[in-house]
2 protein chains.
Amino acid sequence: MPRPLNLEDRIAKLRQFYRHEKRVPSYSEMMDLFGYHSKNAVYGLIRRLQEYGYVTRSGGKIGFTSKLIGSIRLLGAVQAGFPSPAEEELVDVLSLDEFLVQKPEATFMLTVTGDSMIDAGIHPGDIVLVEKGGTIRKGDIVVAQVDGEWTIKYFGKDKQGAYLDPANSAYKRIRPKESLTIGGKVKASVRKYAS
Amino acid sequence: MPRPLNLEDRIAKLRQFYRHEKRVPSYSEMMDLFGYHSKNAVYGLIRRLQEYGYVTRSGGKIGFTSKLIGSIRLLGAVQAGFPSPAEEELVDVLSLDEFLVQKPEATFMLTVTGDSMIDAGIHPGDIVLVEKGGTIRKGDIVVAQVDGEWTIKYFGKDKQGAYLDPANSAYKRIRPKESLTIGGKVKASVRKYAS
DNA sequence: CTTGTAACTGAACGAACGTTCAGTTATGGT
DNA sequence: ACCATAACTGAACGTTCGTTCAGTTACAAG
């Protein structure tokens with residue numbers, strides 16, 4: 001067998017470079033980065049990384065996938081415990097953007113006000129990712145304008161027409177008197193803790 | 001006044017290119033992309049984009065910032081309503097990764113099991129972003145191993161020592177009998193809706 | 001210890017890169 | 001209608017790019 005090529009170090013260094021420079025290093029820059037003395041060494045390494053899905057190539061140019069750019073290490077099994085530094089190499093890396101957003105050009109961020117969805121675990125101050133367009137189904141959480149005011153509620157429909165349900169027993173079902181405009185469908189909710 | 005240069009179109013096109021190719025286009029590629037007949041036109045455009053914080057430059061090479069790469073359009077004022085297609089130009093764009101993750105190399109994703117934090121709006125099936133290391137303060141939500149088992153709870157401390165509090169009245173305060181290992185601090189929680 | 005193999009070296013190549021310069025064109029304000 | 005101004009054209013430049021090739025080196029399995 002030939003010499004082993006430890007990808008882990010190299011990948012870590014590429015991540016580091018990208019975070020600093022916000023761009024993909026050139027072959028000669030990678031030469032320095034990895035301590036190679038030949039550009040062809042880089043060439044081979046990149047081909048490997050491409051096989052494993054870390055980089056893409058188009059038009060003789062290199063692009064990094066979310067496996068390199070992404071910032072979150074995903075842990076498959078939860079109850080299995082927490083990773084020790086030694087076994088961290090195995091986990092997959094992804095980007096939250098890619099994970100949560102399917103249509104970037106149609107997705108917005110909204111800060112939630114009011115407690116009408118609190119039983120659905122959506123608290124005031126939470127952030128909600130809303131996708132415009134697409135079909136709305138019964139049971140979807142939507143951002144809607146009823147009679148001039150914007151709210152976030154469960155969407156429903158029956159023989160009397162469309163209605164909006166809060167997730168809070170203190171409020172009751174809303175039936176639009178005049179107008180109902182659906183702004184979009186809630187695809188995800190996010191809460192950021194201060195500390 | 002000289003000719004106006006409509007940045008919006010160009011920025012949209014750069015976004016599109018980046019999503020497809022996962023890399024920054026070269027000057028000549030941008031020439032085609034924007035319909036220019038001179039590379040110098042691109043040169044000037046890039047200088048503008050750099051001023052506005054869309055691109056970075058290092059070593060004669062271009063990098064895209066999260067303003068270009070990011071996938072979420074941020075709406076500052078919520079109750080103000082939903083943006084019409086016409087006014088969408090004004091809003092800022094950011095990346096969820098950058099927004100939620102401060103230390104990418106120390107942050108993990110965990111899927112929540114169990115309902116012990118349900119009153120804090122953390123439901124089973126939710127995803128939690130955990131940052132390893134750093135100081136833990138009273139009131140922080142932590143991922144911890146008590147007497148061999150991993151859980152997610154509020155962290156607290158008094159004269160009897162450290163304890164863990166659930167956010168569910170059906171469960172009660174936990175005091176570690178033998179061991180307590182803090183895996184990390186919960187920095188954010190995320191829920192993704194299926195549809 | 002030998003041998004197969006893939007990681008690497010080092011040099012070379014044309015192509016494409018980002019940048020510069022002098023000049024032209026379109027546009028909004030006066 | 002004119003002018004100031006910045007967007008743009010078009011050509012040129014040295015530099016650096018990604019790729020190729022023939023040859024060398026280090027490792028692991030038999």
Side-chain angles (χ1 to χ4, degrees), chain A residues 1-65 67-69 89, chain B residues 1-65 67-69 86 89-90:
Chain A
M1 279 236 177
R3 281 186 263 181
L5 114 85
N6 197 336
L7 288 179
E8 297 302 328
D9 293 4
R10 276 74 195 261
I11 289 168
K13 276 180 176 145
L14 289 176
R15 281 214 183 88
Q16 202 179 355
F17 186 98
Y18 193 89
R19 296 241 164 78
H20 257 101
E21 308 285 336
K22 294 207 172 287
R23 64 178 179 83
V24 176
S26 70
Y27 279 41
S28 9
E29 283 173 327
M30 291 193 215
M31 247 181 72
D32 298 348
L33 204 58
F34 301 141
Y36 285 146
H37 294 141
S38 168
K39 271 204 282 184
N40 190 23
V42 179
Y43 193 70
L45 176 65
I46 291 295
R47 203 173 327 119
R48 267 292 132 68
L49 290 176
Q50 195 180 355
E51 280 177 27
Y52 287 101
Y54 286 98
V55 312
T56 60
R57 288 217 228 176
S58 67
K61 275 171 184 45
I62 294 166
F64 283 173
T65 66
K67 260 189 167 183
L68 267 170
I69 292 175
E89 303 123 30
Chain B
M1 277 237 178
R3 282 186 262 182
L5 116 85
N6 198 337
L7 288 177
E8 297 302 327
D9 292 5
R10 275 72 196 263
I11 290 169
K13 276 180 176 146
L14 289 176
R15 280 214 185 87
Q16 202 179 354
F17 186 98
Y18 192 89
R19 296 240 164 78
H20 255 102
E21 308 285 338
K22 294 207 175 282
R23 65 177 177 85
V24 175
S26 70
Y27 278 40
S28 10
E29 283 173 327
M30 292 193 215
M31 248 180 70
D32 297 349
L33 204 59
F34 301 141
Y36 285 145
H37 295 140
S38 168
K39 272 203 282 182
N40 190 24
V42 179
Y43 193 70
L45 176 65
I46 291 294
R47 205 175 323 121
R48 268 291 131 69
L49 290 176
Q50 195 179 354
E51 280 176 29
Y52 288 101
Y54 286 98
V55 312
T56 59
R57 289 217 229 175
S58 67
K61 275 173 181 47
I62 293 165
F64 283 173
T65 66
K67 262 188 162 179
L68 268 170
I69 294 176
E89 302 123 31
L90 301 166

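So that the names make sense, note that chain A is the first sequence line, chain B the second, and so on, each numbered from 1. Computed from heavy atoms alone, side chains included, the values below leave out hydrogens, waters and symmetry copies.
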Atom pair distance, as rounded to whole Å: CD1 in B/I62 and C1' in C/dA16: 14 Å

Closest contact, heavy atoms only, A/S28 versus A/K39: N-CD, 4.3 Å

Length of the line joining B/R48:CZ and D/dT5:C1', which is rounded to integer Å: 11 Å

cation_pi(B/R57, B/Y43) dist<6.0 Å, angle<=45: yes

Whole-Å distance separating the NE2 atom of B/H37 from the P atom of D/dT9: 6 Å

Rounded interatomic separation in angstrom, taking OH from A/Y36 and P from C/dA11: 19 Å

Strand contacts (DNA chain C) in residues 52-60 of chain B, 4.0 angstrom heavy-atom criterion: B/R57, B/G60

Euclidean distance, atom CZ of residue B/R10 to atom C1' of D/dC8 [Å, nearest integer]: 10 Å

Which atom of B/K13 lies closest to which atom of B/L33, heavy atoms considered: CD-O, 3.4 Å

Value in whole Å for how far the C1' atom of C/dG18 lies from CD1 of B/I46: 11 Å

Backbone N/O of B/V55 and side chain of B/K67: donor-acceptor pair under 3.5 Å: no

Donor + acceptor pair across side chains of A/T56, B/R23 (<3.5 Å): no

Nucleotide C/dA6, atom P - distance to CG of A/N40 in whole Å: 15 Å

Centroid-centroid distance, B/F64 to B/Y54, less than 6.0 Å: no

Distance, rounded to the nearest Å, where A/R47 contributes CZ and D/dG18 contributes P: 14 Å

N/O donor-acceptor pair, side chain A/K61 with base D/dG18, under 3.5 angstrom: no

Backbone N/O of B/S26 and side chain of B/E29: donor-acceptor pair under 3.5 Å: yes

side-chain contact (heavy atoms from CB on, under 4.5 Å) between A/Y27 and A/I46, worked out: CA-CA 9 Å; A/Y27 279 41; A/I46 291 295; 4.0 Å; yes

DNA chain C contacts among residues 18-31 of chain B, heavy-atom distance under 4.0 Å: B/S26, B/Y27, B/S28

Any B/Y43 side-chain nitrogen or oxygen under 4.0 Å from OP1 or OP2 of C/dG18: no

Worked check of side-chain contact (heavy atoms from CB on, under 4.5 Å) between B/F34 and B/L14: CA-CA 9 Å; B/F34 301 141; B/L14 289 176; 3.7 Å; yes

Minimum-distance nucleotide to B/K39 side chain [options: C/dG18, C/dG10, D/dC8]: C/dG18

